[in-house]
Asks: 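Sharing a structure with you now.
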Amino acid sequence: MKIATWNVNSVKARIDAVLGWLKEATPDVVGFQEIKCLDEAFPRLEFEALGYNVETFGQKTYNGVAILSRHPIEDVTRGLPGFEDTQSRYIEAVIAPKGGKAIRFCCLYLPNGNPVASEKYPYKLDWMAALQARVEALLPLEESLVVAGDYNVIPTPADVHDPAAWAKDALFLPTTRAAWRRLANLGLTDAIRACNALPGQYTFWDYQAGAWPKNNGIRIDHLMLSPQAADRLASAGIDRHVRSWDKASDHVPAWCTLQ
DNA sequence: ATGCCGCCAACATGGCGA
């Protein structure tokens with residue numbers, strides 16, 4: 001089963017690229033972030049025509065997440081349990097292949113947190129604490145669990161072209177990275193890192209300052225696996241070529257396959 | 001130091017978020 005995550009930065013502005021990538025990559029399950037539209041405005045017919053079931057948790061203008069799956073989608077949860085949130089940043093469901101192994105899939109758009117001196121940074125940390133609590137609640141179920149999305153966290157210096165330039169950014173502050181490690185240390189496997197230890201495995205390049213041609217990227221989109229999912233991990237990758245497409249998102253898809 | 005992009009309200013462009 002191929003499972004992917006992609007911050008599309010507006011599904012309506014990106015529809016041609018999104019459909020093109022789906023036809024090329026043929027993921028079984030994909031989580032989208034920053035769909036930037038209400039549920040009723042989501043182009044579900046286009047995705048259903050490619051054979052996907054669709055569940056959305058939309059929001060006008062900002063945020064919004066969605067799950068597409070070739071297999072039935074069951075037990076959908078919208079919003080991070082136990083966390084009061086006015087922003088649509090989390091959708092979770094069970095993907096249940098007929099006659100196959102089910103997975104629980106969480107699609108998240110973790111707050112950016114900048115500027116650090118504003119209320120946005122404590123909101124990010126509170127959100128990360130609630131995510132921690134959710135994963136702590138799910139791990140005892142001993143399911144194949146994939147917690148995927150735009151984490152807005154650069155885990156290590158190997159995940160950023162210029163660590164010094166990002167030292168005071170909410171995506172890379174020691175406090176942010178400590179919260180990331182607390183989550184990972186629950187026993188989650190970073191699928192991209194488990195399959196590729198090389199530095200420079202970026203998933204995001206800013207539109208500004210020629211970041212893409214200069215390869216000034218960061219790795220902030222992650223697929224985190226429970227032990228039961230990690231045991232099934234066969235491969236993982238980043239579709240970086242998508243960044244050069246016409247009207248590209250500033251993020252590219254990341255994916256893994258489970259046996 | 002700055003460089004982009006998409007959204008909205010509302011008609012031209014400024015504010016917001018990233």
Side-chain angles (χ1 to χ4, degrees), chain A residues 5-21 31-43 46 56-66 79-80 85-91 107-128 131 148-155 159-173 175-177 179-180 202-222 238-254:
Chain A
T5 177
W6 190 11
N7 180 324
V8 295
N9 186 13
S10 172
V11 72
K12 286 186 282 184
R14 212 70 62 206
I15 187 64
D16 291 342
V18 172
L19 293 172
W21 174 77
F32 289 143
Q33 302 88 40
E34 285 206 87
I35 63 173
K36 292 188 175 180
C37 66
L38 295 169
D39 294 335
E40 53 267 37
F42 191 79
E46 286 89 330
T56 61
F57 184 38
Q59 186 174 345
K60 196 174 182 180
T61 311
Y62 305 122
N63 312 306
V65 287
L80 191 47
D85 202 346
T86 59
Q87 305 185 17
S88 299
R89 294 181 172 274
Y90 184 91
I91 185 169
C107 169
L108 64 89
Y109 176 43
L110 206 148
N112 177 289
N114 285 304
V116 172
S118 74
E119 74 291 347
K120 294 178 189 303
Y121 192 59
Y123 171 61
K124 176 178 192 143
L125 296 179
D126 290 346
W127 210 98
M128 293 184 82
L131 178 62
D150 176 1
Y151 279 72
N152 270 314
V153 174
I154 302 166
D159 300 309
V160 50
H161 69 283
D162 184 358
W166 289 81
K168 295 180 179 177
D169 193 281
L171 280 61
F172 195 52
L173 279 179
T175 304
T176 304
R177 293 163 57 195
W180 162 268
Y202 306 139
T203 64
F204 170 93
W205 297 260
D206 201 293
Y207 290 119
Q208 299 186 72
W212 168 242
K214 289 191 276 193
N215 196 29
N216 286 347
I218 54 178
R219 189 174 75 96
I220 56 174
D221 300 272
H222 309 297
I238 297 165
D239 288 346
R240 65 177 283 143
H241 65 285
V242 171
R243 186 62 179 80
S244 68
W245 287 1
D246 191 43
K247 285 182 67 78
S249 171
D250 40 8
H251 296 250
V252 296

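Residue numbering restarts at 1 for every chain, and letters A, B, ... go by the order of the sequence lines.
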Asks: For DNA chain B, whose closest nucleotide is more 5', that of P111(A) or that of Q208(A)?
Replies: Q208(A)
Asks: Could you say whether N7(A) or A248(A) is positioned toward the 5' end of DNA chain B, judged by the nucleotide with the nearest heavy atom to each?
Replies: A248(A)
Asks: Could you give the distance separating dC7(B) and dC11(B) at their C1' atoms, to the nearest angstrom?
Replies: 16 Å
Asks: So, using ring-ring contact (aromatic ring centres under 6.0 Å, His included) as the criterion, who are the partners of Y151(A) when residues are at least two apart?
Replies: W180(A), H222(A)
Asks: Grab the NZ-C1' distance between K214(A) and dC4(B) for me, whole Å please.
Replies: 13 Å
Asks: In this structure, how many angstroms lie between the P atom of dG17(B) and the OH atom of Y62(A), rounded?
Replies: 6 Å
Asks: Given dG17(B), dC4(B), dC7(B), which nucleotide is nearest the side-chain atoms of Y207(A)?
Replies: dC4(B)
Asks: Identify the two heavy atoms, one from T5(A) and one from D150(A), that lie closest to each other, and give their separation to 0.1 Å.
Replies: OG1-N, 4.4 Å
Asks: For dC16(B) versus dA1(B), give the span between their P atoms, rounded off to a whole number of Å.
Replies: 23 Å
Asks: Are side-chain N/O atoms of N9(A) and K36(A) paired as donor and acceptor at under 3.5 Å?
Replies: yes
Asks: Write down the distance between CG (D206(A)) and C1' (dC5(B)), rounded to a whole number of angstrom.
Replies: 9 Å
Asks: Side-chain N or O of K120(A) versus OP1/OP2 of dG17(B): is the shortest distance under 4.0 Å?
Replies: yes
Asks: How are the rings of F32(A) and F42(A) set relative to one another: parallel (under 30°), tilted (30 to 60°) or perpendicular (over 60°)?
Replies: tilted
Asks: Can you check the R14(A) CZ to dC7(B) P distance for me, whole Å?
Replies: 8 Å
Asks: Could you measure between the two C1' atoms, the one in dC4(B) and the one in dG15(B), and give it in whole Å?
Replies: 16 Å
Asks: Can a side chain N or O of R89(A) be found less than 4.0 Å away from OP1 or OP2 on dA18(B)?
Replies: yes
Asks: dA9(B), dC7(B), dG3(B): which one has an atom nearest the side-chain heavy atoms of A209(A)?
Replies: dG3(B)
Asks: Can you figure out which of dA18(B), dG3(B), dC8(B) approaches the side chain of Y109(A) most closely?
Replies: dA18(B)
Asks: Taking only the side-chain heavy atoms of K247(A) (C-beta and beyond), determine which of dG6(B), dG17(B), dC4(B) contains the nearest atom.
Replies: dG6(B)
Asks: Nearest of dC4(B), dC8(B), dG6(B) to any side-chain atom of A13(A)?
Replies: dG6(B)
